[in-house]
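What follows is a short report on a single structure.
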Amino acid sequence: MNHALSNKSDTTLNTASPTAINIKKLTNKLRRKTGQAIADFNMIEEGDKVMVCLSGGKDSYTMLDILLHMQKSAPIHFSIIAVNLDQKQPGFPEHVLPNYLNELGVDYTIIEEDTYSIVIDKVPEGKTTCSLCSRLRRGILYTNAIKLGVTKIALGHHRDDMLETLFLNMFHNGRLKSMPPKLTSDDGKNVVIRPLAYCREQDIADYAQHKGFPIIPCNLCGSQENLQRKHVKQMLNQWNTQFPGRIETMFKALQNVVPSHLADPSAFNFTDLSQHPLGENEGDMAFDPLELALVKQDNTQFVAITQLD
């Protein structure tokens with residue numbers, strides 16, 4: 001009987017279309033990575049009410065889709081409310097999201113705030129609107145999160161967003177800072193989570209295309225081709241083409257921070273640093289002078305690293 005079942009399973013796999021198999025792998029990959037991020041950072045807990053911020057873009061649609069699946073299979077109970085901020089942009093299709101959410105049977109609310117007029121009035125023509133728009137949107141969402149009684153605010157930022165933000169802060173703000181998967185909001189009253197923190201943007205784009213989400217473009221900022229974020233995205237894409245795997249390595253660096261090997265005295269106590277018989281136990285010693293690069297052996301003995309050609 002077991003042998004017969006095995007043959008039937010093999011036949012099913014062999015006759016399935018490559019596209020169907022790829023979509024199944026992609027779906028499982030996104031769900032697995034989202035679940036891993038949620039577990040690693042304790043993003044969602046028993047009894048949470050999660051506000052899923054839905055913009056109408058591929059990222060937030062994918063986030064909602066995956067969280068709805070997890071809601072059914074997770075060992076804990078949590079509720080979801082989808083929230084969209086209608087910023088009164090000209091031509092915004094107000095019917096799209098309500099129709100989609102009604103079909104899903106998801107609890108949702110549409111917040112109407114004319115931030116578009118404020119942005120157009122305050123930002124000089126030709127200048128980037130994203131910064132002001134983002135601040136206004138964030139404040140409105142934080143305020144309404146409290147009114148709705150939510151305990152977590154879920155945003156659709158993914159791995160590529162986090163890397164782009166890292167370089168933007170380095171290039172333009174002189175800060176080694178990115179988007180954390182979980183943080184306390186600016187007002188200190190909300191917890192913000194990014195469940196897609198481990199997910200690749202390309203995987204999300206492929207998934208959204210397969211699912212046929214009713215994507216709503218941002219007419220306010222979508223035409224601003226000279227945004228610095230787009231420049232950084234192009235840089236990262238070029239690196240990834242020339243050096244496959246570099247993006248994955250850079251993201252790992254966000255998870256392996258060694259303050260003692262940077263230069264921020266507020267993050268590491270350099271002042272009281274003194275000689276230690278065991279040397280430096282943390283960090284990469286590849287760039288240390290050869291005579292100082294020691295390998296710990298059996299917890300008590302050390303041998304010098306042999307110089308490589």
Side-chain angles (χ1 to χ4, degrees), residues 22-23 25-41 43 52-67 70 128-131 133-134 137-138 141 153-183 192-211 213 215-218 220-257:
N22 290 339
I23 290 301
K25 288 182 178 179
L26 176 60
T27 302
N28 291 337
K29 178 181 180 181
L30 288 172
R31 289 175 178 174
R32 182 180 70 255
K33 286 187 173 293
T34 302
Q36 187 62 55
I38 290 174
D40 285 351
F41 298 95
M43 292 187 187
V52 177
C53 297
L54 198 63
S55 66
K58 68 182 189 311
D59 306 327
S60 58
Y61 274 126
T62 298
M63 176 176 62
L64 175 63
D65 184 86
I66 294 176
L67 289 180
M70 290 186 169
T128 300
T129 59
C130 291
S131 179
C133 179
S134 177
R137 184 171 63 247
R138 189 163 59 239
L141 290 174
I153 300 175
L155 304 180
H157 299 121
H158 44 67
R159 184 201 69 178
D160 299 68
D161 286 324
M162 295 169 67
L163 281 174
E164 289 163 15
T165 301
L166 173 68
F167 282 96
L168 282 170
N169 276 312
M170 289 175 61
F171 294 162
H172 301 286
N173 298 325
R175 304 186 72 182
L176 201 59
K177 175 184 176 183
S178 181
M179 291 177 171
K182 181 181 180 182
L183 74 156
V192 178
I193 59 175
R194 294 184 168 102
L196 302 182
Y198 290 169
C199 298
R200 295 172 58 235
E201 181 175 19
Q202 188 58 58
D203 289 339
I204 293 172
D206 293 342
Y207 185 75
Q209 182 177 12
H210 165 70
K211 297 289 288 188
F213 296 136
I215 304 297
I216 302 174
C218 179
L220 177 60
C221 59
S223 61
Q224 296 179 333
E225 296 297 335
N226 294 321
L227 294 179
Q228 293 299 328
R229 182 172 290 274
K230 291 189 177 181
H231 292 164
V232 171
K233 184 185 291 289
Q234 291 170 1
M235 179 190 74
L236 293 177
N237 287 338
Q238 183 178 354
W239 282 356
N240 196 44
T241 300
Q242 289 182 275
F243 311 102
R246 174 171 287 188
I247 300 297
E248 283 72 19
T249 302
M250 287 192 296
F251 187 74
K252 287 180 182 178
L254 289 178
Q255 301 171 290
N256 292 279
V257 180

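Not one N or O on the side chain of D65 forms a donor-acceptor pair closer than 3.5 Å with the backbone of Y61. Remark: side-chain polar atoms of R31 are not paired, donor with acceptor, to backbone N or O of I66 under 3.5 angstrom. Remark: the backbone N or O of M162 is paired with a side-chain donor or acceptor of S178 at under 3.5 angstrom. In this structure, the side chain of N240 does not engage the main chain of L236 through any donor-acceptor pair within 3.5 Å. Within the 3.5 Å criterion, the main-chain N or O of N169 finds no donor-acceptor partner in the side chain of K177. Judged by distance alone, with hydrogens and angles left aside, the side-chain atoms of D161 form a donor-acceptor pair with the main-chain N or O of H158 at under 3.5 Å.
A pairwise comparison of heavy atoms in F251 and R159 identifies CD1-CG, 3.2 Å as the closest pair. In terms of heavy-atom proximity, K182 sits nearest to F41 at CD-O, 3.1 Å. In terms of heavy atoms, D59 sits closest to G156 at CB-O, 3.2 Å. The minimum heavy-atom distance between T34 and L30, with the atom names listed, is OG1-O, 2.7 Å. Across all non-hydrogen atoms, the minimal contact from L67 to I38 is CD2-CD1, 4.0 Å. The shortest heavy-atom contact between P180 and L183 is CG-CB, 3.8 Å.
One finds the CG atom of L196 at 11.0 Å from the CD atom of E201 (value rounded to the nearest 0.5 Å). Separating the CD1 atom in I247 from the CG atom in D160 is a distance of 7.0 Å, to the nearest 0.5 Å. To the nearest 0.5 angstrom, Y198 atom OH is 4.5 Å from Q255 atom CD. N22 contributes atom CG, which lies 9.5 Å from atom CG of D206 (distance to the nearest 0.5 angstrom).
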side-chain contact (heavy atoms from CB on, under 4.5 Å) for R194 and M63? Distances and angles first, verdict last. CA-CA 9 Å; R194 294 184 168 102; M63 176 176 62; over 6 Å; no
Decide yes or no on side-chain contact (heavy atoms from CB on, under 4.5 Å) for L254 and L163, but give the supporting numbers first. CA-CA 9 Å; L254 289 178; L163 281 174; 4.1 Å; yes
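At a threshold of 4.5 Å between non-hydrogen side-chain atoms, the residues V52 and S60 do not count as touching. Residues K29 and R200 have side chains in contact (heavy-atom distance under 4.5 Å, counting atoms from C-beta outward). In this structure, D40 and P181 have side chains that are not in contact, with every pair of non-hydrogen atoms separated by 4.5 Å or more. Side-chain contact between L176 and M170 is present, with heavy atoms from C-beta onward closer than 4.5 Å.
Between E164 and the choices H231, R229, Q228, H157, the side chain to side chain donor-acceptor pair (under 3.5 Å) rule is met once, by R229.
The number of heavy atoms from other shown groups lying within 6.0 Å of CD (E248) is above 12. Summarising the local packing, CZ of R175 is surrounded by 12 or fewer heavy atoms from other residues, nucleotides or ligands at distances under 6.0 Å.
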